[in-house]
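Note sheet for the following structure.
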Amino acid sequence: MWPDRRLIDLFKTEFPIVLAPMAGVMDAELVIAAARGGALGSLPCAMLSAEKAREQVGAIRKHVSAPVNMNFFCHTPVDLTAEAEARWKQRLADYYSEHGLDPAAPINAANRAPFDAAFCEVVEELKPEVVSFHFGLPEAALLKRVKAAGCIVISSATTVKEAVWLEQRGVDAVIAQGAEAGGHRGMFLTEKISEQPGTFALVPQVVDAVKVPVIACGGIADGRGIAAAFALGASGVQIGSAYLRCPESKVTPGGRKALAEAGDDSTVITNVMTGRPARGVQNRLMREVGPISPDAPVFPHAATALGPLKAAAEKQGRVDFTNLWAGQAIAMGREVPAAELTRDLARSAQARLKALAG
């Protein structure tokens with residue numbers, strides 16, 4: 001029923017659907033549910049310790065025999081300067097005062113660690129079927145070790161140039177992330193977010209430029225979007241936002257309310273939440289300080305000072321300082337179990353493809 005089976009054959013999954021790794025709002029429970037539905041489940045590891053990653057993969061292996069994808073960031077760490085920290089805290093001072101918080105109180109640093117030798121050892125130990133990267137690829141020696149462990153390697157590209165760069169370095173598939181996609185831009189050869197193409201423009205150009213399978217990502221939330229991706233030459237899709245309202249996700253009650261009320265114009269690309277451009281549901285901070293602010297410290301340090309504000313607001317059921325990453329098709333999400341959603345996405349896509357073929 002699928003016009004291109006390369007991704008299914010590569011991943012050994014029932015459907016050519018990848019559950020997007022969404023750090024902070026999901027864990028093994030959503031991975032397990034999506035895998036039971038026939039998708040490739042992705043575990044976001046950028047905010048996990050090596051021990052926690054082992055624990056999460058162990059839970060997944062205990063409940064399903066399906067392949068698993070471990071996802072990592074590949075950004076270059078940059079230290080936060082005292083000047084940048086002071087400027088950001090000054091920008092947030094009124095919010096701290098409003099919530100009765102002490103800006104001088106100790107705060108846990110934002111935890112978004114890049115792939116390193118320690119994580120590579122975890123991969124070599126656990127041998128996930130797939131390892132995916134965001135913000136490029138790790139250094140060549142680490143990548144070689146990942147491939148030597150028998151893992152399929154995929155990574156995100158936001159331009160044709162990035163897709164070609166990834167293929168030249170040996171990835172087995174490329175995720176073509178359009179501007180519509182939720183979460184951090186996967187860009188690593190450019191910082192020009194205003195030039196990022198949308199999914200419909202990006203996917204066919206990447207398909208023409210590389211020989212490996214292409215996974216379409218961004219604005220895909222139902223069978224019509226999946227069928228459209230295949231029509232553009234993709235071998236599969238990566239879907240995240242459509243799963244956010246599933247009962248297995250870890251979105252807070254306030255976040256679920258915001259998602260349920262979201263429309264096609266509810267998301268923006270912002271740097272004020274983490275210091276790096278990402279698309280999410282617009283909140284108070286994005287409206288009043290951003291969405292793009294020169295005061296935001298470099299990634300991931302902007303998130304550190306927001307921690308106490310986020311916690312205080314969430315206790316009141318608000319998401320004023322919560323990075324609720326989501327794509328432009330967020331209004332198409334539904335409150336159904338992830339396994340059921342996955343099967344429905346596949347069935348409706350197949351029906352649409354069959355109708356188009358007829």
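Only heavy atoms go into these numbers, but all of them, side chains included; no hydrogens, no water, no symmetry mates.
Under 4.0 Å is where a charged nitrogen must lie from a carboxylate oxygen, and between R334 and D344 at least one such pair does. Taking 4.0 Å as the cut-off between side-chain N and carboxylate O, E125 and R54 count as a salt-bridged pair. Taking 4.0 Å as the cut-off between side-chain N and carboxylate O, R145 and E124 count as a salt-bridged pair.
Of the N and O atoms on the side chains of E314 and T322, at least one donor lies less than 3.5 Å from an acceptor on the other residue. Side chain to side chain, Y95 and E288 meet the donor-acceptor criterion of an N or O pair below 3.5 Å. R185 and T158 share no donor-acceptor pair across their side chains, judged by distance under 3.5 Å alone. Between the side chains of S249 and R256, at least one donor N or O lies within less than 3.5 Å of an accepting N or O. For the residue pair S42 / N71, no side-chain donor-acceptor distance below 3.5 Å is found, with atom types taken as modelled.
Side-chain heavy atoms closer than 4.5 Å link hydrophobic residues (I, L, V, M, F, W, Y) into clusters, and following such links, even through other members, never connects M273 to V298. With hydrophobic clusters built from ILVMFWY side chains whose heavy atoms lie under 4.5 angstrom apart, V214 shares a cluster with L353. Residues L341 and M332 fall into different hydrophobic clusters, defined by Ile, Leu, Val, Met, Phe, Trp and Tyr side chains chained together at heavy-atom separations under 4.5 Å. A chain of hydrophobic side-chain contacts below 4.5 Å, direct or via other Ile, Leu, Val, Met, Phe, Trp or Tyr residues, connects V123 to V31. A chain of hydrophobic side-chain contacts below 4.5 Å, direct or via other Ile, Leu, Val, Met, Phe, Trp or Tyr residues, connects L137 to V210.
Screening N69, V68, L40, I152 against E129 for a side-chain contact (heavy atoms from CB on, under 4.5 Å) leaves a single residue, V68.
Proximity of a side-chain donor or acceptor of N323 to a complementary backbone N or O of W325 within less than 3.5 Å is not detected. Between the side chain of H134 and the backbone N or O of H75, no donor-acceptor pair lies under 3.5 Å. Between the side chain of T270 and the main chain of P291, a donor-acceptor pair closer than 3.5 Å is present. With hydrogens and angles ignored, the 3.5 Å screen pairs no side-chain donor or acceptor of Q196 with any backbone N or O of K192. Side chain of Q350 to backbone of M1: no donor-acceptor contact under 3.5 angstrom is found. Counting only distance, with no hydrogens or angles, the side chain of H301 and the backbone of V78 share a donor-acceptor pair below 3.5 Å.
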Run the side chain to side chain contact (heavy atoms under 4.5 Å, CB included) check on W88 and V289 step by step: do they pass?
CA-CA 11 Å; W88 188 228; V289 178; 4.1 Å; yes
Apply the test side chain to side chain contact (heavy atoms under 4.5 Å, CB included) to residues D9 and R6: give CA-CA distance (whole Å), side-chain angles for both, the deciding distance (0.1 Å), then the verdict.
CA-CA 5 Å; D9 294 339; R6 288 190 296 165; 5.8 Å; no
CA sep, side-chain torsions, deciding dist, call: R245, V251, side chain to side chain contact (heavy atoms under 4.5 Å, CB included)
CA-CA 8 Å; R245 294 171 65 194; V251 178; over 6 Å; no
Carefully, step by step, assess Y243 and V25 under the rule side chain to side chain contact (heavy atoms under 4.5 Å, CB included).
CA-CA 10 Å; Y243 286 92; V25 292; over 6 Å; no
Side chain to side chain donor-acceptor pair (under 3.5 Å) assessment of Q177 paired with S156:
CA-CA 6 Å; Q177 186 197 44; S156 300; 5.6 Å; no
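Nearest heavy atom pair, residue G236 against residue L7, reads CA-CD2, 3.7 Å. Between C217 and I220, the shortest heavy-atom distance links the atoms N-CD1, 4.2 Å. Shortest non-hydrogen contact noted between T199 and G218 is OG1-O, 2.8 Å. Closest non-hydrogen pair, C246 versus P337, comes out as SG-C, 4.2 Å. In terms of heavy atoms, N271 sits closest to S293 at OD1-N, 2.8 Å. Taking each heavy atom of V319 and G254 in turn, the nearest pair found is CG1-C, 3.7 Å.
Listed by first and then second residue, the side chain to side chain donor-acceptor pair (under 3.5 Å) pairs that reach into residues 12-40 are E29-K250, sequence neighbours excluded. The stretch residues 1-30 participates, sequence neighbours left out, in these ring-ring contact (aromatic ring centres under 6.0 Å, His included) pairs: W2-F230.
Between F299 and H184, the ring planes lie perpendicular to each other; the angle is over 60°, past the 30° to 60° tilted range. Aromatic ring pairs are classed by plane angle as parallel below 30°, tilted from 30° to 60° and perpendicular above 60°; the pair F115 and F119 is parallel. F133 and F72 have tilted rings, their planes meeting at an angle from 30° to 60° on a 0 to 90° scale.
Applying the 6.0 Å contact sphere to CZ of R224 captures no more than 12 heavy atoms from other residues, nucleotides or ligands. Applying the 6.0 Å contact sphere to CG of N108 captures no more than 12 heavy atoms from other residues, nucleotides or ligands. Crowding of D208 atom CG: a count of heavy atoms from other residues, nucleotides or ligands under 6.0 Å exceeding 12. The environment of E261 atom CD is dense: over 12 non-hydrogen atoms of other residues, nucleotides or ligands sit within 6.0 angstrom. Applying the 6.0 Å contact sphere to CD of Q316 captures more than 12 heavy atoms from other residues, nucleotides or ligands. For D94, the CG atom is loosely surrounded, since the number of other residues' heavy atoms within 6.0 Å does not exceed 12.
Put simply, CG on D264 and CD on Q328 are 8.0 Å apart, with the number rounded to the nearest 0.5 Å. C151 SG to D172 CG: the interatomic distance, rounded to the nearest 0.5 Å, is 10.0 Å. Atoms CZ and OG1, on R279 and T267 in that order, are 4.0 Å from each other to the nearest 0.5 Å. In this structure, R347 CZ and T342 OG1 are separated by 10.5 Å, a value rounded to the nearest 0.5 Å. Taking CD1 of I269 as the start and CD1 of I193 as the end, the distance is 5.5 Å to the nearest 0.5 Å. The distance from atom NZ of K310 to atom CZ of R318, rounded to the nearest 0.5 Å, is 14.0 Å.
Residues E180 and S241 form no side-chain contact, since every pair of their non-hydrogen atoms from C-beta on lies 4.5 Å or further apart. Proximity of M22 to P44: side-chain heavy atoms (C-beta onward) are nowhere separated by under 4.5 Å. Residues I154 and V171 have side chains not in contact (no heavy-atom distance under 4.5 Å, counting atoms from C-beta outward). S132 places none of its side-chain heavy atoms less than 4.5 Å from the side chain of S155. For the pair L285/D320, no side-chain contact is recorded, criterion being any heavy-atom separation below 4.5 Å from C-beta on. Side chains of L345 and I17 form a contact here, defined as non-hydrogen atoms less than 4.5 Å apart. In this structure, the side chains of M70 and V130 stay at 4.5 Å or more apart for every pair of heavy atoms. Side-chain contact between T190 and E162 is present, with heavy atoms from C-beta onward closer than 4.5 Å.
In summary, the aromatic rings of F135 and F73 are positioned with their centroids under 6.0 Å apart.
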